[in-house]
Asker: 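For reference, the structure I am asking about is given below.
The basis for the numbers below is simple: all heavy atoms, side chains too, and nothing from hydrogens, waters or symmetry mates.
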Amino acid sequence: MTSTVAQPQQDATTQSVTAQAVTAQTVTARAATTHTVTNQPPPLTPYDASEDAALLEGLRREGAGWAEADLRRLGLRAGSEQAQEWGDLANRHEPVLRTHDRYGHRVDEVDFHPAWHHLMEVAVTEGLAGAPWADDRPGAHVARTAGGLVWGHAEAGHGCPTSMTYAAVPALRRTPELAEVYEPLLTSREYDPGLRIPADKRGLLAGMGMTEKQGGSDVRTNTTTATPTAEPGVYTLRGHKWFTSAPMCDVFLVLAQAPEGLSCFLVPRVLPDGTRNAFRIQRLKEKLGNRSNASSEPEFDGTVAWLVGPEGQGVKTIIEMVNCTRLDCVMASATLMRKTLVEAGHHARHRGAFGARLLDQPLMRNVLADLALESEAATTLTLRLAGAADRAVRGDAGERALRRIATAVGKYWVTKRGPAFTAEALECLGGNGYVEESGMPRHYREAPLLSIWEGSGNVNALDVLRALGREPAVAEALFDELDLARGADARLDAAVTRLKDGLAEASPVGARRLVEHMALALQASLLVRFAPPAVADAFCATRLGGDWGHSFGTLPDSADLDAILERALPGGG
């Protein structure tokens, strides 16, 4: 009886366990089914960051077609999974300041993640630092700018030390005996990190320290003092700098008050005898963006420095450096525009909504085409400025005058457009673009810096007025450039006429408005001359003709969206 009674109970238990197992498998299967990922774009990487018609055409037009093969190779590297990961890691693992070693000795070292060093090594090796100054080929400076437009797709922050190294060379040439020692190392294509005697290294990086707490861009109010020593050309500095970028660099160009007035000095981190110079880093700035790059507040106290240029002519000496770094601000903004446009276009190509791909939705096409116009205008202007810089270095007075005014105009306008552009490109990804994993928030945080660095909007706008008032040749050079497109578009001709009339009434209160008109006319003239008709017509109709709204995505019905997107997006529109 026991066995006949127990058997049904055992069967019931077995059935219960079996039922539970079946139920668990069903739940697991359903869970897996609900988590099936659909309607998400594949990773963008690998991609070719040099696949940009405006970039390649500008490279050839401005005299650096010989660099195209190298640029395309660098474009593939910039868009590789490895390079994109380096950019992510360098920003997730930010630089760390070590003021003292374990024994209490002052060291003032900044430690970086290995990804930062990988990015820097590629940039220096590819000639994106000081190398063009040692390259006699016409177009060398254009090739460098084009390289920055491509390699910047990997990461933006490390462009700061390469930019300052590039910009330091022409300033250093004001004192030939210093240039003789340091220029070969600043133009080297070898990345040699670590603080050692500069002359013993294979390559050097340069930083700069101009601004102070009480003045900012008003550098003439600097309070750092420079005291002459018994040795000619050698001074000791005492003071506190407010923004000194890339404190791990080997040498710095610094402004300080000498007996004859504000002067420029070269400050090494390590002195020729191997001892550390007094360069006490008080803290690193906790910045909105540009997180991979260290910006610092150093204190000078008996810091050894060498005079660069005549005493009392610090601003005049360093202005050439400013011209170079302002061009790089334009370049970096154009790079962010292109990078985020590529991201937005990729997402729209692979994401569906309301029964069609996003890329096929008429309003999304309008947004992307409007962004494409802005990006092409920024890239084309950047390369034109680089061409002017290259020819100015080689003695072309007209190009030097154009560079003087157009770089300040471009710095004002293109960097101003960057934040609005990146915000719109981010929005193309919707909520996906608002999460850190997408990379778009990093680009968005980076964009405002470029309008601030090397003079905010007001500083650059007023600098344009100053140039117009003091250097008559700059206005002539600008209108000579604009006249090259005369008669090609009635809207452009009208804009140039208004601009000429506006110069007679130029005033500080209207400086921004005037510079904006200059920038749009200059961009339009370049697009009319060199871009396809669909691009030039849409730009002139909106930016000059007023057939536009107040945000991106408001192109008129007459705009040829298909032609614009086919040209702008990798893989076509």
Side-chain angles (χ1 to χ4, degrees), residues 130 133 164-186 198-199 204 206-245 247 249-273 275 277-280 297-326 393 400 404 454-455 459 463 466-467 470-471:
W133 299 107
M164 291 187 298
T165 302
Y166 170 68
V169 173
L172 198 61
R173 287 178 174 178
R174 299 272 290 182
T175 303
E177 56 268 32
L178 289 176
E180 182 179 359
V181 175
Y182 293 103
E183 183 172 331
L185 297 168
L186 292 168
L204 300 179
M208 63 181 180
M210 290 195 246
T211 59
E212 297 180 6
K213 294 186 286 292
Q214 76 292 342
S217 296
D218 188 5
V219 295
R220 294 187 186 278
T221 63
N222 282 3
T223 60
T224 296
T225 58
T227 303
T229 68
E231 185 177 352
V234 180
Y235 293 66
T236 57
L237 307 185
R238 180 177 175 81
H240 185 129
K241 291 295 179 180
W242 189 235
F243 270 99
T244 297
S245 287
C249 289
D250 302 286
V251 294
F252 295 81
L253 286 177
V254 171
L255 292 178
Q257 299 288 357
E260 296 297 322
L262 191 68
S263 305
C264 182
F265 297 90
L266 183 70
V267 175
R269 285 294 312 269
V270 179
L271 297 172
D273 64 2
T275 60
N277 205 358
F279 193 99
R280 301 193 182 103
E297 289 180 43
E299 278 193 356
F300 302 144
D301 189 7
T303 303
V304 177
W306 300 304
L307 181 66
V308 179
E311 191 175 306
Q313 295 187 22
V315 173
K316 185 175 181 180
T317 298
I318 213 163
I319 196 65
E320 186 66 19
M321 185 176 191
V322 172
N323 283 333
C324 292
T325 48
R326 283 181 176 175
V393 167
R400 185 181 301 112
R404 171 67 183 92
E454 293 309 340
V459 170
D463 186 45
R466 186 180 306 109
R470 295 180 180 179
E471 305 173 50

Asker: Determine the minimum heavy-atom distance between Thr244 and Gly209, stating which atoms define it.
Answerer: OG1-CA, 3.6 Å
Asker: Within the supplied structure, the quantity of interest is the number of heavy atoms (other residues, nucleotides, ligands) at a distance under 6.0 Å from Glu180 CD; does it exceed 12?
Answerer: no
Asker: So if I apply the salt bridge (Lys or Arg N to Asp or Glu O under 4.0 Å) rule between Glu471 and each of Arg404, Arg466, Arg400, which one comes out positive?
Answerer: Arg404
Asker: Just how far is it from atom CZ of Phe243 to atom CD of Glu212, taken to the nearest 0.5 Å?
Answerer: 13.0 Å
Asker: Contact between Pro247 and Pro298 at the side-chain level, heavy atoms closer than 4.5 Å - yes or no?
Answerer: no
Asker: Would you say the side-chain atoms of Thr325 pair up with the backbone N or O of Val322, donor to acceptor, closer than 3.5 Å?
Answerer: yes
Asker: Could you tell me which non-hydrogen atom of Ala206 sits nearest to which non-hydrogen atom of Ala168, and how far apart they are?
Answerer: CB-CB, 3.8 Å
Asker: Please check: side-chain N/O of Glu183 versus main-chain N/O of Leu172, any donor-acceptor pairing under 3.5 Å?
Answerer: no
Asker: Rounded to the nearest 0.5 Å, how far apart are CZ of Arg326 and CE of Met321?
Answerer: 13.0 Å
Asker: May I ask you to check whether Thr224 and Asn222 show a side-chain donor-acceptor distance below 3.5 Å?
Answerer: no
Asker: Grab the two heavy atoms, one from Ala305 and one from Val267, that are nearest each other, plus how far apart they are.
Answerer: CB-CG2, 3.8 Å
Asker: Are the side chains of Trp306 and Phe265 in contact, using a 4.5 Å heavy-atom criterion?
Answerer: no
Asker: Using 0.5 Å steps for rounding, measure from the OH atom of Tyr235 to the CG atom of Leu307.
Answerer: 4.5 Å
Asker: Would you say Arg220's side chain and Leu262's backbone share a donor-acceptor pair under 3.5 angstrom?
Answerer: no
Asker: Please name the pair of heavy atoms, one in Thr275 and one in Asp273, separated by the smallest distance, quoted to 0.1 Å.
Answerer: OG1-OD1, 2.7 Å
Asker: Considering all heavy atoms of both residues, which atom of Ala226 and which atom of Pro259 are nearest to each other, and what is their separation?
Answerer: O-CD, 3.7 Å
Asker: With a sphere of 6.0 Å drawn around CZ of Arg174, does it hold more than 12 non-hydrogen atoms of other residues, nucleotides or ligands?
Answerer: yes
Asker: Does Glu320 reach the main-chain N or O of Pro170 with its side chain, forming a donor-acceptor pair under 3.5 Å?
Answerer: no
Asker: How long is the straight-line distance from CZ of Arg470 back to CG of Asp463, given to the nearest 0.5 Å?
Answerer: 9.0 Å
Asker: In the structure I gave you, are the side-chain heavy atoms of Phe252 and Met164 within less than 4.5 Å of one another anywhere?
Answerer: no
Asker: Check whether Ser263 reaches the backbone of Gly261 with its side chain - one donor and one acceptor, N or O, closer than 3.5 Å.
Answerer: yes
Asker: Got a salt bridge between Lys241 and Glu297, using NZ or NE/NH1/NH2 to carboxylate O under 4.0 Å?
Answerer: no
Asker: Is atom NZ of Lys213 surrounded by more than 12 heavy atoms (other residues, nucleotides or ligands) closer than 6.0 Å?
Answerer: yes
Asker: Any non-hydrogen side-chain atom of Cys264 less than 4.5 Å from a side-chain atom of Leu255?
Answerer: yes
Asker: Would you say that Asp250 contacts Tyr182 through its side chain, given a criterion of any heavy-atom pair below 4.5 Å between the two side chains?
Answerer: no
Asker: Do the side chain of Asn277 and the main chain of Val304 share a donor and acceptor less than 3.5 angstrom apart?
Answerer: yes
Asker: Mind listing the closest non-hydrogen atom pair of Thr317 and Gly309 along with its distance?
Answerer: OG1-CA, 3.9 Å
Asker: Once rounded to the nearest 0.5 Å, what's the spacing between atom OG1 of Thr165 and atom CG of Leu186?
Answerer: 6.5 Å
Asker: How long is the span from the CZ atom in Arg280 to the CG atom in Asp301, to the nearest 0.5 Å?
Answerer: 5.0 Å
